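Chain A is the first sequence line, chain B the second, and so forth, proteins listed ahead of strands; every chain is numbered from 1. Just so it is clear, the structure is predicted and the values come from calculations on it, not from any experiment.
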Amino acid sequence: MHDIRFIRENADAFDAALARRGIAPAAAKILALDKEWRALQAEMQEDQHRRNVLSKEVGKIKSEGGDASAQMAEVAELKTRLETHNNSDLAARLDAELMNYPNMLDAHVPDGEEEADNALLREVGEARLPDFPAKDHVALGEGLGLMDFGLGAKLAGARFVVLRGDLAKLERAIATFMLDTHTQEFGYVEHLPPFLVRGAAMAGTGQLPKFAEDLFQTTDDRWLIPTAEVPLTNLVAGEILDAAELPMRLTAYTPCFRAEAGAAGRDTRGMIRQHQFSKVELVSISHPDQSADELERMTNCAETILQRLELPYRVMHLCAGDTGFSARSTYDIEVWLPGQNDGKGMYREISSCSNCGDFQARRMRARLKTADGNALVHTLNGSGLAVGRTMIALMENGQQADGSIVLPKALHPYMGGGRIEGMAS
RNA sequence: GGAGAGGUGGCAGAGUGGUUGAAUGCGCCGGUCUCGAAAACCGGUAUGGGCAGAAGCCCAUCGAGGGUUCGAAUCCCUCCCUCUCCGCCA
């Protein structure tokens with residue numbers, strides 16, 4: 001959500017920010033609405049003031065046994081006028097406008113319209129192919145008898161999977177390893193939030209009202225979380241925090257549910273894009289002055305996981321056109337998947353770390369106390385990491401010629417072994 | 001699911017139709033006192049918004065949204081949440 005006062009004072013900057021995202025100028029339309037609304041508001045408030053004054057007079061007159069019918073008649077008039085003004089939808093329209101436009105981008109965000117325009121920041125580890133034909137995780141998982149898309153489809157339809165044996169256990173090992181690292185080394189506090197939330201929470205982080213079609217909704221009007229960013233960030237909705245409490249660093253391991261409405265036909269093979277996947281999420285509630293540094297730190301925390309898991313990756317700075325609605329700046333971490341692209345390998349997103357600035361905080365009314373009044377906090381979120389895609393990466397990078405999978409040392413204690421051999425079926 | 005009670009400022013807690021945006025206590029901030037601190041005393045202390053250059057004036061908000069009324073924290077309706085008892089239940 002945007003700050004109307006910022007737009008009043010920086011209409012050109014606002015339009016320029018929209019232009020970077022390929023959106024037509026909107027400041028003039030918004031300011032016209034704003035002007036109209038303020039004029040109406042001033043008029044209404046004057047009437048309300050008059051009404052309040054008269055009502056008090058009535059009270060006084062009556063208590064002295066006098067006749068207050070003149071005052072009462074005037075209030076009746078005011079009320080009809082207020083009624084019509086009250087029916088104006090100006091405020092709602094203005095609000096809808098302010099909610100409708102994506103966040104303004106950080107100055108450092110590279111220009112560009114699509115994925116190809118993202119800027120490569122660094123490559124870590126050696127992206128290599130095995131010295132035998134690389135299989136993808138589907139071939140590996142099914143070959144081991146530990147991954148079954150047919151059963152997923154039988155139970156729930158397309159884009160679901162059933163894991164069993166060591167692959168089911170691997171999910172748990174990965175998640176625990178990630179949580180242990182983030183909580184014990186990086187100071188994130190583990191949470192176990194609800195997986196269903198109210199619409200208000202979805203609006204707070206920006207999923208609603210614009211992106212309802214990406215979400216699953218329950219019959220009693222709740223929503224399944226598409227990421228733990230939603231419950232974790234909304235923990236501070238409506239709160240006024242002490243500066244000393246910041247930064248708040250929160251993490252949670254949760255399932256994520258996505259309708260993938262716009263993704264028909266994309267990534268239909270395998271576990272890359274499922275309706276349900278789990279993720280260890282990182283959220284920071286930050287002082288406005290520190291959010292830029294916090295984004296670097298958070299990205300580093302996520303990268304550390306990949307380093308410990310000995311997975312090659314690269315970090316991209318998303319270009320203007322590829323940056324999400326609520327974000328001011330986003331780093332994508334892409335992991336090397338040798339089994340994709342017909343065995344030639346490719347990088348795929350495994351984490352997305354974003355600084356949302358005050359964009360979500362304004363929607364949620366999440367503030368902090370400062371010397372001169374309350375200020376909006378900044379919110380950040382990032383995957384630390386997507387568990388399903390981490391599993392894919394471990395399988396495809398750790399695959400052996402015989403179809404078994406060698407795991408990195410970091411996971412051995414969590415798996416009680418270093419190799420996944422499959423299950424006699 | 002059934003029956004009942006309740007949601008008031010950072011917290012506790014008064015307030016059941018008329019200057020109540022809200023007593024009182026605690027907390028917090030500033031001051032006096034003190035070598036310093038504590039105690040005591042004095043003063044201040046909600047949020048959002050409109051108008052104004054500013055001082056300031058005004059509007060809204062007592063869980064949320066409607067309604068009754070000249071006037072609502074107080075009355076009515078709907079919803080949300082909390083608590084107690086019963087039922088069911090991992």
Exercise. Among side-chain atoms of A:Ser278 and A:Glu171, is any donor-acceptor pair under 3.5 angstrom?
Worked result: yes
Exercise. Which part of the nucleic acid does A:Arg362 contact within heavy-atom distance under 4.0 Å: base, sugar-phosphate only, or nothing?
Worked result: nothing
Exercise. What interatomic distance, in whole Å, is found between P of B:A3 and the corresponding atom of B:G21?
Worked result: 38 Å
Exercise. So, is A:Asn374 close to the B:A46 phosphate, meaning a side-chain N or O under 4.0 Å from OP1 or OP2?
Worked result: no
Exercise. Does A:Arg50 make a side-chain N or O approach to OP1 or OP2 of B:C58 shorter than 4.0 Å?
Worked result: no
Seminar exercise, completed: Taking B:G48, B:A60, B:G18 as options, the one with an atom nearest any side-chain atom of A:Gln48 is B:A60
Problem set entry | B:G25: pairing nucleotide in any strand, Watson-Crick or G-U under 3.5 angstrom | B:C11
Problem set entry | For A:Ala175 against A:Val280, the heavy-atom pair lying closest together | O-CG2, 4.1 Å
Seminar exercise, completed: Taken to the nearest whole Å, NE2/A:His49 to P/B:G21 is 13 Å
Exercise. Can you tell if the side chain of A:Met248 reaches within under 4.5 Å of the side chain of A:Ser284, non-hydrogen atoms only?
Worked result: no
Exercise. Given atom CG of A:Asp67 and atom C1' of B:C70, what is their separation to the nearest angstrom?
Worked result: 12 Å
Exercise. Of all the nucleotides listed (B:G49, B:C51, B:U19), which has the minimum atom distance to the side chain of A:Arg38?
Worked result: B:C51
Exercise. Below 4.0 angstrom, N of the basic side chain to O of the carboxylate: do A:Glu74 and A:Arg50 qualify?
Worked result: yes
For this session: Rounded to the nearest angstrom, tell me the gap between atom CG in A:Leu54 and atom P in B:G71.
Result: 10 Å
Exercise. Are any of A:Asn52's side-chain N or O atoms less than 4.0 Å away from OP1 or OP2 of B:C59?
Worked result: yes
Exercise. If we take the P atom in both B:G7 and B:A73, what is their distance in whole Å?
Worked result: 15 Å
Seminar exercise, completed: Paired to B:A60 by Watson-Crick or G-U wobble criteria (both distances under 3.5 Å) is B:U47
Exercise. On a whole-Å scale, what distance lies between the P atoms belonging to B:A60 and B:A72?
Worked result: 9 Å
Exercise. For the pair made of CZ in A:Arg363 and C1' in B:G48, what is the distance, rounded to whole Å?
Worked result: 18 Å
Problem set entry | Toward the 5' end of RNA chain B, by each residue's nearest nucleotide, A:Gln71 or A:Arg5 | A:Arg5
Problem set entry | Nearest-angstrom distance from the residue atom CG of A:Leu82 to P of B:C59 | 12 Å
Exercise. When you compare B:U84 with B:U68, how far apart are their P atoms, in angstrom units rounded to a whole number?
Worked result: 38 Å
Exercise. Charged N to carboxylate O below 4.0 Å: is that the case for A:Arg38 and A:Asp34?
Worked result: yes
Problem set entry | Ring centre gap for A:His2 and A:Tyr101 strictly below 6.0 Å | no
For this session: Provide the Watson-Crick or G-U wobble partner of B:U82, both distances under 3.5 Å; none if there is no partner.
Result: B:A5
For this session: Kindly state which residues belonging to residues 232-248 of chain A come within less than 4.0 angstrom of RNA chain B, counting heavy atoms of the residue only, listed by number.
Result: none
Problem set entry | Distance between P atoms of B:C83 and B:U8 (Å, rounded) | 14 Å
Exercise. Does any nucleotide pair with B:C75 by Watson-Crick or G-U wobble geometry, both distances under 3.5 Å, and what is it?
Worked result: B:G67
Problem set entry | Per A:Val58 side chain, nearest of listed nucleotides B:U19, B:C70, B:G50 | B:C70
Got a list of protein N/O to nucleotides 78-80 of chain B N/O distances below 3.5 Å?
residue	atom	partner	partner atom	Å
B:C80	O3'	A:Arg198	NH2	3.4
B:C80	O2'	A:Arg198	NH2	3.4

For this session: In whole angstrom, give me the gap between the P atoms of B:G63 and B:G13.
Result: 15 Å
Exercise. Ion pair present between A:Glu260 and A:Arg273, side-chain N to carboxylate O less than 4.0 angstrom?
Worked result: yes
Exercise. For atom C1', what is the distance between B:U74 and B:C62, given to the nearest Å?
Worked result: 10 Å
For this session: Look at A:Arg258 together with A:Asp214 and state whether they make a salt bridge at an N to O cut-off of under 4.0 Å.
Result: no
Problem set entry | Flag for A:Thr304-A:His182: side-chain donor and acceptor within less than 3.5 Å | no
Exercise. Can we call the ring centroids of A:Phe359 and A:His378 under 6.0 Å apart?
Worked result: no
Problem set entry | Under 4.0 angstrom between A:Arg51 side-chain N/O and B:C59 OP1 or OP2 | no
For this session: Check whether any side-chain N or O of A:Lys79 sits under 4.0 Å from OP1 or OP2 of B:G71, and answer yes or no.
Result: yes
For this session: Enter the distance from A:Met1:CE to A:Ser326:OG here, rounded to the nearest 0.5 Å.
Result: 12.5 Å
Seminar exercise, completed: When rounded to whole Å, the CD to P distance for the pair A:Glu46 and B:C51 reads 13 Å
Seminar exercise, completed: A:Leu90 CG to B:G50 C1', in whole Å, measures 15 Å
Exercise. So which nucleotide does B:C41 pair with, by the Watson-Crick or G-U wobble rule with both distances under 3.5 Å?
Worked result: B:G31
For this session: Write down the partner of B:U19 under the Watson-Crick or G-U wobble criteria, each distance required to be under 3.5 Å.
Result: none
Problem set entry | Opposite nucleotide pairing with B:A90, Watson-Crick or G-U, both atom distances under 3.5 Å | none
Problem set entry | Under-3.5 Å donor-acceptor pair between A:Gln41 side chain and B:G49 base | no
Problem set entry | Rounded distance (Å) that lies between atom P of B:G50 and atom NZ of A:Lys35 | 16 Å
Exercise. When you check the gap from the basic side-chain N to the acidic O, do A:Glu396 and A:Arg348 get nearer than 4.0 Å?
Worked result: no
Exercise. Is it the case that more than 12 heavy atoms not belonging to A:Glu245 sit under 6.0 Å from its CD atom?
Worked result: yes
Problem set entry | Integer angstrom distance from the P of B:C28 to that of B:A38 | 10 Å
Seminar exercise, completed: Note: for A:Arg365 and A:Val75 on RNA chain B, the residue whose nearest nucleotide lies more 5' is A:Arg365
